[in-house]
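Structure record follows, encoded as structure tokens.
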Amino acid sequence: MSCTAPDPLAAHDLSTDVAVIGGGIIGLGIALEAQRAGHRVTLIDPAPGTGATFAAAGMLAPVSELHYQEENLLPLTLASAALWPGFIRALADDGYPETGFRFTPTLALGADAADRTALADLREAQTSQGLDVAQLTIREARKREPLLSPNLGAAHLIAHDHQVDPRAVAASIEARLIAAAGAEGRGEDQTVVRARVTALLHEDPADTRSRICGVLLDDGRSVHAREVVIANGLGAAGLGALPEGLVLPLRPVHGDILRLRVPEHLRPLCTATLRGVVRGLPVYVVPRNDGTVVIGASSREDCSAGVNAGAVHQLLRDAQVLLPAVAELELIETTARARPGTPDNAPLLGRVAASDGTGIPGLIIATGFFRHGVLLAPMAARITTQLLAGVCDPAWDRFRPDRFSPALQPQEIP
Amino acid sequence: MTQTMLETDPLVIDGIPLGSRLIMGTGGAPSLDGLGAALLASGTELTTVAMRRYSAPAAGSTGGTNLFDLLLENNIRVLPNTAGCFTAREALMTAELGREALETDWVKLEVIADEHTLLPDAVELVEATEALVARGFKVFAYTNDDPVLALRLEQLGAAAVMPLGAPIGTGLGILNPHNIELIVSRASVPVILDAGIGTASDAALAMELGCDAVLLASAVTRAQDPVAMAQAFRHAVIGGRLAAQAGRIPRRTHALASSAMEGRPDL
Ligand SMILES: Cc1cc2nc3c(=O)[nH]c(=O)nc-3n(C[C@H](O)[C@H](O)[C@H](O)COP(=O)(O)OP(=O)(O)OC[C@H]3O[C@@H](n4cnc5c(N)ncnc54)[C@H](O)[C@@H]3O)c2cc1C
């Protein structure tokens, strides 16, 4: 099917400026920014907000998430953390769902002596990058959080790692997309299309590296678009008619995560986000505005989509080492979802090389956000909107989506 | 180096020659790329994967890259393991899963007594070894540093015995070198020191004690710079092996100059 001549019989086909595939936090954030930048936007997802975004704890934690050998991600994570307050301000008005954004700090806690050493080593790496991590005595930590166990080995205060409620943000963005489009006379069914994308449409149907001009839906309709953004997480690699030679090495890394209600008499259970290393195993407790807490998260590569009993046990056990009162809470939800993992833990973000070395027109990719998709959503949206405006910042070249595609690398002249 | 070791001093298990005497685990790696780089730097030719934590590639799976693709691309053999099993029965079922998914009879048998110590449960281990051998598996038995049990596992048909240096993940090194030496001195199958390794000198010591190979995971995957640590282990294992074969000098109480009495007429 070609761009220039949409089938005149297909009366139900849609036409838009920017088609965004996937309505997780990444696709939603991109759609919102693109709409604000003046584009007509169509977001396509059979069930927006039900992927990894549904599970995410919503920690905005560039500092406590810094891992050895991942310093390359830091400029991106820090930039995105800095964008969050503004991103939220634009979402917070009357009549829209609450986003749960909180400037709460994060406490990094260690249980035994080895955990203390591990946290101290990590703090050295963090402070050597100029990040703010303050050592506290256990007494000081418990003054802030009286329900913390006295039996802890280390506490560090990370003042700038905040949090948001990803489900609330997703719902708020979706409502706003529809309202803003409605104000310009575009219906909800043109703004959020509840269908699955099966394939990309190309200007030259015989050449998958030619200009992209829309997408095909599983209900047979097409969406014709000037630009297509692939933001459907793990589903990206399964889209039909991707540019030849493009390898999107995504793998599912499942996480189990729990939601619990704190009984009135124990509120607040904690005020900061608590991130523990308990005998070498990570666990976190994120307090929400509504008196619930989120406890997460496991990391499994067993491709099993259901909730894992052993993981639930381990999370509850280790959370109780930090906060013994966890045993008194009401367990209201157990959820498992897959994170879209990449080989280097960094996103696949940007345009794809065309045969002449420039980007394939009409195509932007934004997936592979792995553990940091919530944190990185504002930056993904900003970089994508810049690309839509023809601006390509070389600072983010290292996240190019074609970096794992040998066939698309610039050929060296022998 | 690898090339010459493969020619002159291969580790032979079940008739298969391996050029590296360093066997790597995969648990705890921060990223797939990081793991791949560390495995390459280690020079390993055999890598163990927990069947409970990683599912083997589904037939006809598209796109994605996973751990098994990485091993395949780099010509590294996979040794499925039964980590996380507490009973002989679970270990058996997990081993069958590994055999089916990865098409190998090799299995690293781990039957753990409890989560706190992660020490092998001797009774279940013996039972599982017997059953797996009967089903045609080549069993690499992860065992306590107990010379009696190690020999018994060999008699039950284990293809290799893998005594621990210290409990899994502790990095405490080799806590009972005498027992390891004793196990080696009586074994007629390869002895692979497994678990407890913290740093390069621990691996060198294992080889000097006469072990045929060393297996480790966290010491590399959880190091701050896994690639540098993997290189350190590669050299340590080669160094330890050469030292074990070179014949060390006796330990003396009193000094002995290395070039004594120069110029003395040799009568
Ligand atoms: C347990 C857990 C905890 C986490 N905690 C945090 C955290 O604290 N902080 C943080 O920053 N990150 C966290 N993450 C990671 C974060 O959730 C992800 O990185 C992020 O949600 C990825 O967003 P996404 O929009 O790319 O993908 P998703 O949210 O998975 O969205 C993809 C969407 O694409 C749709 N889709 C798929 N295929 C198609 C198709 N063919 N056509 C149309 N639509 C399609 C799906 O329906 C889905 O809605 C966590 C993840 C997990 C699992």
Spacing of [X] atom [atom1] and [Y] atom [atom2] [to the nearest 0.5 Å]:
X: S31(B); Y: E70(A); atom1: OG; atom2: CD; answer: 6.5 Å
X: N345(A); Y: D33(B); atom1: CG; atom2: CG; answer: 8.0 Å
X: R251(A); Y: L70(B); atom1: CZ; atom2: CG; answer: 9.5 Å

Toward chain B, the part of F404(A) with a non-hydrogen atom under 4.5 Å: side chain
Just wondering, more than 12 heavy atoms not from E124(A) lying within 6.0 Å of its CD? no
Please check if atom CD in Q129(A) has more than 12 non-hydrogen atoms from other residues, nucleotides or ligands closer than 6.0 Å. yes
Between Q224(B) and D121(A), what is the shortest heavy-atom contact and its length? NE2-CB, 3.4 Å
So do the side chains of E115(B) and R317(A) get within less than 4.5 Å of each other, counting heavy atoms only? yes
